[in-house]
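This report refers to the structure that appears directly beneath it.
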Amino acid sequence: MKLSKSYIPTLKEVPNDAIIPSHILMLRAGLVRMLSAGIYSFLPLGYKVIKKITQIIREEMDAIGGQEFHLPALNPKEIWEQTNRVEAFGDTMFHIKNRDYVLAPTHEEIMTYHAKGTLKSYKDLPQTWYQIQTKFRNEARPRSGVIRGRQFLMKDSYSFDSSWENLDASYSLHDKAYRKIFERCGLKFFVVGASSGAMGGNKSEEFMVKSDAGEDTVAYCEKCGYAANVEVAQSNIESVARNSESKEIYEISTPNIHSIDELCEFLKIHEQETAKSRVYMHNEKPVLVLMSGNDEVNETKLANALGGQVRPCHPDELKEITGADAGSIGPIGFSHRIIADLRLKDGNNLYSGANKNDFHIGGIDLKRDVPKIEYFDLRSICSGEKCTRCGNHLEVFKAIELGHIFKLGTKYSEALEANFLDEKGEAKPIIMGSYGIGVERVMACYIEQNFDEKGIIWSKLLSPFDLHLIGLNMKNEMIVSASNEIYEKLKAAGYDVLFDDRKDFSAGVKFNDADLLGIPIQIIVGEKNLKENKLEVKLRRTGEKFIIDRNQLEQKISEFQSMI
RNA sequence: CGGGGUGUGGCUCAGCCCGGUUAGAGCGCUUGGUUCGGGACCAAGAGGUCGGUGGUUCGAAUCCACUCACCCCGACCA
């Protein structure tokens with residue numbers, strides 16, 4: 001492709017709206033343009049990369065027996081009502097105004113619809129069906145460029161099995177395929193166990209990459225590979241020590257003291273001597289949650305511990321239930337259920353609120369004074385804490401979810417009555433798995449992990465072109481004819497070449513554009529080298545430059561290709 | 001949905017507080033010329049209903065109200 005005839009609108013300056021590196025570079029390198037919040041057009045260069053990624057995905061899905069579908073984005077609402085997911089998705093689902101259609105946010109229903117009545121016997125199973133298709137979700141707040149959009153490309157596959165053991169096999173095939181896909185894409189990733197949320201089903205794993213632009217916070221142990229979302233990662237920190245002597249409880253006047261920090265400062269005590277109170281409504285009943293010091297309640301853990309719905313109490317409810325405002329609440333005299341974080345187990349000589357504004361109570365012995373207390377793991381773990389599995393230090397950081405694999409079970413097959421007959425002739429719901437990959441996220445995450453101050457650094461497999469040929473001074477007849485000849489030769493040898501044949505640009509512009517676009521190998525045709533029948537080759541990633549003989553170009557290129 | 005911010009030529013921004021000729025700069029673009037290995041130079045040009053609507057005023061990019069769009073933080077999120 002000749003650059004002079006290409007639509008690759010590069011930007012010299014950083015666009016105002018972009019913050020994270022991948023977003024900035026995708027705009028600057030002319031890969032994408034925004035149409036509206038969370039809605040992006042892929043320009044020719046960006047779309048070439050998308051096609052490389054989807055090709056890798058396709059190959060690995062086909063390798064595990066996947067069969068590619070192309071499904072409609074426009075779906076009858078009725079199908080989604082049968083599985084109760086119109087309600088489950090709520091405002092996240094786009095609804096068509098002038099007909100009872102929705103825009104599909106995923107495709108469990110539609111795949112199951114096709115399975116119904118056609119996968120009739122255990123002999124028809126297993127099946128793995130997939131598609132690479134645009135999904136629509138009315139995200140409340142699109143962000144980070146292409147990473148969280150209202151419209152995005154997703155590879156989603158669905159497995160149909162006749163037994164749970166066979167589902168395990170399908171799941172494990174996907175697990176292996178996903179690892180291959182992300183490895184081939186050149187991503188540094190890790191895998192965490194996760195809760196499957198609104199998808200239904202039980203076991204699931206997320207494929208993640210570490211990134212400040214991530215929306216999940218995970219705990220990761222480099223030593224043993226343990227990784228978990230902080231919402232569920234077990235806390236492994238020691239309990240506060242129990243003093244040998246328990247003091248009596250006593251009331252302290254603490255005017256205008258609301259936070260733990262203020263309390264510690266006021267009483268000259270350590271944070272660990274305090275128990276912070278939070279009141280939640282659990283199934284319409286108040287529950288007092290005690291945390292050590294400034295530890296925050298992890299509401300996911302709380303909900304898991306109690307089961308059912310949990311929400312923090314409103315300020316007016318607090319007053320009604322405890323007689324005090326937030327900042328002065330405590331376990332002594334609290335007449336409803338009381339639970340505490342494990343870190344407080346059997347603690348004594350603690351300070352907490354008095355359920356009376358401007359007063360706290362000291363000398364609390366949870367064992368003696370709160371006999372009905374129950375303990376749960378309720379706090380989020382922090383960087384530096386010990387791994388529950390191997391004892392090494394855990395790291396806590398943000399991460400982006402690239403892919404997610406679920407063992408769905410029979411939720412959809414039951415709702416849509418997709419049954420098969422087993423060996424005994426009994427009708428049973430098909431056992432399903434569901435597996436997704438965010439295609440744009442793969443691209444954005446790759447860039448997040450592979451760029452420098454000049455621009456993107458593509459790998460051989462994802463690069464939109466194999467080679468970037470630069471004719472420096474295209475008003476020099478010698479360079480024009482030499483670079484054109486090289487261009488034709490490389491194309492004939494099967495390379496996909498981007499040829500910067502632009503007449504009116506100085507060398508600096510061409511070099512900078514080449515570094516911005518990030519094609520792994522640059523071939524530079526300049527006057528001085530050409531006079532000696534030589535060319536320069538530059539490797540984008542390392543910046544290394546090589547002067548080579550012109551007649552050895554093809555041989556050298558194939559050597560460089562194996563180096564990158 | 002809550003909080004904060006921004007909207008002026010294709011891009012980055014100044015001007016706004018304190019209203020007053022013809023709304024500016026750099027980059028990009030067009031034409032001609034010079035230059036030609038790290039974002040060149042000279043000259044001449046094109047390009048803007050100052051996000052929108054309404055109001056205040058003799059007069060609004062500038063003040064007021066409403067509204068829309070986009071960004072960031074939070075809530076939410078298969």
Side-chain angles (χ1 to χ4, degrees), chain A residues 9-20 23-24 27-28 30 33-39 80 83 85 88-93 104-109 135-145 147-150 152 154 156 158 194-201 204-206 212-216 229 231 299-300 311-312 400-401 403-406 408 411-412 433-438 454-455 470-480 500 502-516 522 524-531 534-536 538 543 545 547:
Chain A
T10 58
L11 261 23
K12 192 153 85 174
E13 292 182 84
V14 175
N16 183 255
D17 285 346
I19 304 291
I20 66 166
H23 190 196
I24 292 171
L27 290 168
R28 285 195 55 213
R33 284 290 118 102
M34 187 178 84
L35 218 210
S36 177
I39 305 177
W80 289 82
T83 55
R85 289 176 102 201
F89 270 103
D91 196 46
T92 303
M93 180 177 259
T106 171
H107 278 87
E108 279 79 7
E109 278 77 0
K135 310 289 181 199
F136 299 86
R137 292 187 194 177
N138 185 23
E139 296 292 349
R141 187 187 154 205
R143 66 185 91 178
S144 306
I147 288 173
R148 185 170 201 78
R150 295 208 167 112
F152 56 97
M154 183 180 198
D156 47 326
Y158 306 88
S195 68
S196 47
M199 290 302 296
S204 81
E205 278 167 322
E206 290 177 335
D212 289 336
E215 301 175 304
D216 295 289
N229 199 304
E231 289 181 352
E299 292 184 8
T300 307
R311 65 163 175 85
I400 296 171
E401 179 189 341
H404 204 155
I405 57 177
F406 307 88
L408 272 186
K411 176 177 163 142
Y412 299 96
S434 150
Y435 318 87
I437 293 178
K454 287 289 200 176
I470 302 169
L472 281 186
N473 178 5
M474 294 301 281
K475 285 176 184 163
N476 178 323
E477 198 40 52
M478 180 176 66
I479 293 178
V480 171
D500 192 342
R502 292 175 297 178
K503 238 179 180 172
D504 302 321
F505 289 92
S506 65
V509 174
K510 295 186 175 191
F511 288 137
N512 282 310
D513 267 352
D515 288 344
L516 174 60
Q522 298 172 12
I524 298 143
V525 185
E527 192 175 349
K528 270 183 211 158
N529 285 324
L530 200 57
K531 277 181 178 162
K534 305 224 184 249
L535 299 169
E536 178 179 319
K538 179 181 153 185
K545 293 171 183 171
I547 307 294

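We name chains A, B, ... by the order of the sequence lines, and we start the count at 1 in each one. Just so you know, these numbers come straight off a predicted model, no measurement behind them.
When heavy atoms are screened at a 4.0 angstrom cut-off, A/Lys503 is found touching no nucleic acid atom at all. Within the 4.0 angstrom heavy-atom criterion, no nucleotide atom of any strand lies near A/Asp91. In this structure, A/Met154 reaches the bases: a heavy-atom distance under 4.0 Å links it to at least one base atom across the strands shown. Among the protein residues, A/Ala140 comes within range of the nucleic acid bases, having at least one heavy atom under 4.0 Å from a base atom. Residue contacts for A/Leu472: at a heavy-atom cut-off of 4.0 Å it reaches a base atom on one of the strands shown. If you check every strand for non-hydrogen atoms under 4.0 Å, A/Arg28 touches a base. Across all strands, A/Asn512 comes closer than 4.0 Å to base atoms (heavy-atom distances). Heavy atoms of A/Met34 sit under 4.0 angstrom from primed sugar atoms or phosphate atoms, though from no base atom. Here A/Lys528 lies out of heavy-atom contact (under 4.0 Å) with every strand. Heavy atoms of A/Phe152 sit under 4.0 angstrom from at least one base atom. Among the atoms of the strands shown, base atoms are found under 4.0 Å from some heavy atom of A/Asn529. Nucleic acid contact class of A/Ser506 (heavy atoms, under 4.0 Å, all strands): sugar-phosphate only. Heavy atoms of A/Lys135 sit nowhere under 4.0 angstrom from any nucleic acid atom.
A close approach under 4.0 Å does occur between a side-chain nitrogen or oxygen of A/Asn16 and OP1 or OP2 of B/rC13. Within the 4.0 Å cut-off from OP1 or OP2 of B/rC73, at least one side-chain nitrogen or oxygen of A/Arg141 is found. Contact between the side-chain N/O atoms of A/Ser36 and the OP1/OP2 oxygens of B/rC70 is found at a separation under 4.0 Å.
The base of B/rG38 is paired with the side chain of A/Asp515 by a donor and an acceptor separated by under 3.5 Å.
For the C1' atoms, the distance from B/rU57 to B/rG19 is 9 Å, rounded to whole Å. B/rC16 and B/rC11: their P atoms are spaced 23 Å apart (whole Å). Spacing between B/rG59 and B/rG20 at atom C1', rounded to whole Å, works out to 7 Å. A distance of about 27 Å separates the P atoms of B/rC72 and B/rC64, rounded to the whole Å. B/rG26 and B/rU62 have their P atoms separated by 25 Å, given to the nearest Å. Look at the C1' atom in both B/rU49 and B/rG7: the space between them is 16 Å, to the nearest Å. Comparing B/rU8 with B/rA61, their P atoms sit 15 Å apart, to the nearest whole Å.
Nearest-nucleotide positions on RNA chain B for A/Glu139 and A/Lys510 put A/Lys510 closer to the 5' end. Looking at which nucleotide of RNA chain B each of A/Pro105 and A/Arg143 is closest to, the 5′-most match is held by A/Arg143.
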Intermediate values then yes/no, side chain to side chain donor-acceptor pair (under 3.5 Å), A/His23 and A/Ser144: CA-CA 7 Å; A/His23 190 196; A/Ser144 306; over 6 Å; no
Salt bridge (charged side-chain N to carboxylate O under 4.0 Å, His left out) assessment of A/Glu215 paired with A/Arg143: CA-CA 10 Å; A/Glu215 301 175 304; A/Arg143 66 185 91 178; 3.6 Å; yes
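Scanning both residues, A/Val480 and A/Met474, for their nearest heavy atoms gives CG2-O, 3.2 Å.
Between the P atom of B/rG37 and the CG atom of A/Leu530 lies a distance of 12 Å, rounded to the nearest Å.
Across every strand in view, B/rG19 sits unpaired, with no contact that passes the Watson-Crick or G-U test at under 3.5 angstrom. Base pairing of B/rC11: its partner is B/rG26, meeting the Watson-Crick or G-U wobble criterion (both donor-acceptor distances under 3.5 Å). When both pairing distances are held under 3.5 Å, B/rC41 makes a Watson-Crick or G-U pair with B/rG33. B/rG2: Watson-Crick or G-U partner is B/rC73, with both key distances under 3.5 Å.
At least one donor-acceptor pair under 3.5 Å links the side chain of A/Arg28 to the backbone N or O of A/Leu11. Remark: the backbone N or O of A/Asp91 is paired with a side-chain donor or acceptor of A/Asn138 at under 3.5 angstrom. Panel note: side chain A/Lys545, backbone A/Glu536; no donor-acceptor pair is recorded below 3.5 Å.
Each of A/Ile24, A/Ile19, A/Leu27 was scored for a side chain to side chain contact (heavy atoms under 4.5 Å, CB included) with A/Val14, with one residue passing: A/Ile24.
The nucleotide whose nearest atom lies closest to any side-chain atom of A/Lys545 is, among B/rG38, B/rC29, B/rC71, B/rG38. Residue A/Glu536 has its side chain nearest to B/rG37 when only B/rG37, B/rC36, B/rC27 are considered. The side chain of A/Glu13 lies closest to B/rC11 when the candidates are B/rG38, B/rG74, B/rC11. Comparing B/rU12, B/rU35, B/rC27 against the side chain of A/Lys475 picks out B/rU35 as the nearest.
Cation-pi geometry between A/Arg85 and A/Phe89 is not met at under 6.0 angstrom from the ring centre and within 45 degrees of the axis.
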